[in-house]
Amino acid sequence: MAAEDPSSPYKVRLLIEDYPYAADGLAVWHAIEQWVADYLSIYYPDDGVLQGDVELQAWWKEVREVGHGDLKEAAWWPKMQTVPELVKACATIIWTGSALHAAVNFGQYPYAGYHPNKPSASRRPMPEKGTEEYAELARDPEKHDTPEWTSDAKALEAFKRFGARLEDIERQVVTMNANPQLKNRNGPAKFPYMLLYPNTSDYKGDAEGLTARGIPNSISI
């Protein structure tokens with residue numbers, strides 16, 4: 001799938017160029033990893049601070065010994081003694097609950113959203129704008145971002161850089177989808193691959209809705 005390539009910003013080179021999930025996913029993963037590294041460096045300037053964080057070490061012990069007790073002796077577990085180990089662990093958790101979930105889950109809608117293709121998926125009609133059900137969904141606080149998530153100026157600046165990287169990925173996705181040489185990005189149906197399109201630039205929420213574009217954070221995973 002990929003080979004090591006020190007000249008690449010991702011440190012790897014895809015062996016299959018026309019593979020939308022791999023190409024977009026690698027870019028999104030890299031952006032997440034950079035964001036996590038920037039953020040954690042504010043609070044963990046060196047490995048010693050991380051090793052002395054009692055709460056962090058207790059959390060990792062619980063993850064390994066309680067959350068995955070059947071695998072707690074596996075050799076591949078990070079020891080959580082270095083900042084890079086924490087960066088990789090956090091980036092993996094964020095990736096799994098955001099981009100990976102979007103790529104695996106939302107691709108089902110174009111097929112299963114057509115009722116005759118999957119009638120068993122219909123439990124009740126989707127809420128429509130103007131109805132109380134839609135208003136109730138809109139009032140759900142988990143649906144909206146919380147701008148007051150931190151007052152740390154360094155963290156906010158790091159998050160701003162993360163957003164800029166995601167917008168770069170948006171432009172990259174659009175450009176690749178328009179490239180006729182990359183046939184797998186549209187396929188015979190001319191349906192562009194947008195499952196890993198961040199949609200960060202949609203500041204006004206124009207694409208907001210039950211099937212909007214974007215990579216959400218799934219807190220249920």
Side-chain angles (χ1 to χ4, degrees), residues 2 7-14 19-45 49-50 56 83-107 109 137-179 182 185 192-221:
S7 65
S8 168
Y10 310 137
K11 305 305 180 186
V12 296
R13 173 178 51 83
L14 294 176
Y19 189 179
Y21 169 71
D24 297 355
L26 189 58
V28 172
W29 164 266
H30 185 60
I32 291 173
E33 192 173 42
Q34 285 181 296
W35 151 240
V36 172
D38 285 350
Y39 183 81
L40 292 179
S41 68
I42 300 171
Y43 307 103
Y44 298 101
V49 176
L50 180 145
L56 174 68
V83 176
E85 286 180 325
L86 179 59
V87 169
K88 186 173 183 179
C90 291
T92 300
I93 292 171
I94 293 172
W95 161 264
T96 302
S98 60
L100 177 61
H101 176 254
V104 173
N105 185 64
F106 298 144
Y109 185 78
L137 182 63
R139 287 193 297 268
D140 185 352
E142 293 181 355
K143 182 175 183 291
H144 302 284
D145 293 331
T146 304
E148 300 83 11
W149 65 278
T150 182
S151 59
D152 190 318
K154 291 183 179 179
L156 290 171
E157 186 59 34
F159 189 68
K160 185 177 181 180
R161 292 195 297 271
F162 178 46
R165 294 185 190 112
L166 293 179
E167 290 188 31
D168 286 341
I169 293 173
E170 290 181 9
R171 290 186 283 272
Q172 177 181 313
V173 168
V174 171
T175 298
M176 289 192 294
N177 282 349
N179 186 345
L182 302 176
R185 297 204 66 95
Y193 187 83
M194 300 293 283
L195 296 179
L196 290 174
Y197 180 86
N199 204 45
T200 305
S201 61
D202 183 21
Y203 301 115
K204 296 181 179 180
D206 292 335
E208 201 171 85
L210 301 178
T211 58
R213 297 179 301 181
I215 301 175
N217 292 317
S218 178
I219 61 172
S220 63
I221 295 181

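None of the values given here were measured: they were computed from a predicted structure.
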Tell me every residue that passes ring pair (Phe, Tyr, Trp, His ring centres under 6.0 Å) with Y21, counting only those two or more places apart in sequence or in another chain.
none
Minimum heavy-atom separation for [X] to [Y], with atom names?
X	Y	answer
A103	L196	CB-CD2, 4.1 Å
M176	A23	CE-CB, 4.4 Å
I32	S98	CD1-OG, 4.0 Å
Y197	E170	OH-OE1, 3.3 Å

Candidate pair D38 and K160, rule salt bridge (Lys or Arg N to Asp or Glu O under 4.0 Å), full reasoning
CA-CA 11 Å; D38 285 350; K160 185 177 181 180; over 6 Å; no
Sequence-distant partners of Y10, side chain to side chain donor-acceptor pair (under 3.5 Å), two or more places apart:
none
For a 4.5 angstrom cut-off between non-hydrogen side-chain atoms, does I169 reach D24?
no
Does any non-hydrogen side-chain atom of F159 lie less than 4.5 Å from one of T150?
no
Test salt bridge (Lys or Arg N to Asp or Glu O under 4.0 Å) applied to D168 - qualifying residues, sequence neighbours left out:
R171
Say whether D152 and Y43, considering side chains only, have a donor N or O and an acceptor N or O under 3.5 Å apart.
yes
Over 60° means perpendicular and under 30° means parallel, so classify the ring planes of Y39 and W149, tilted if in between.
tilted
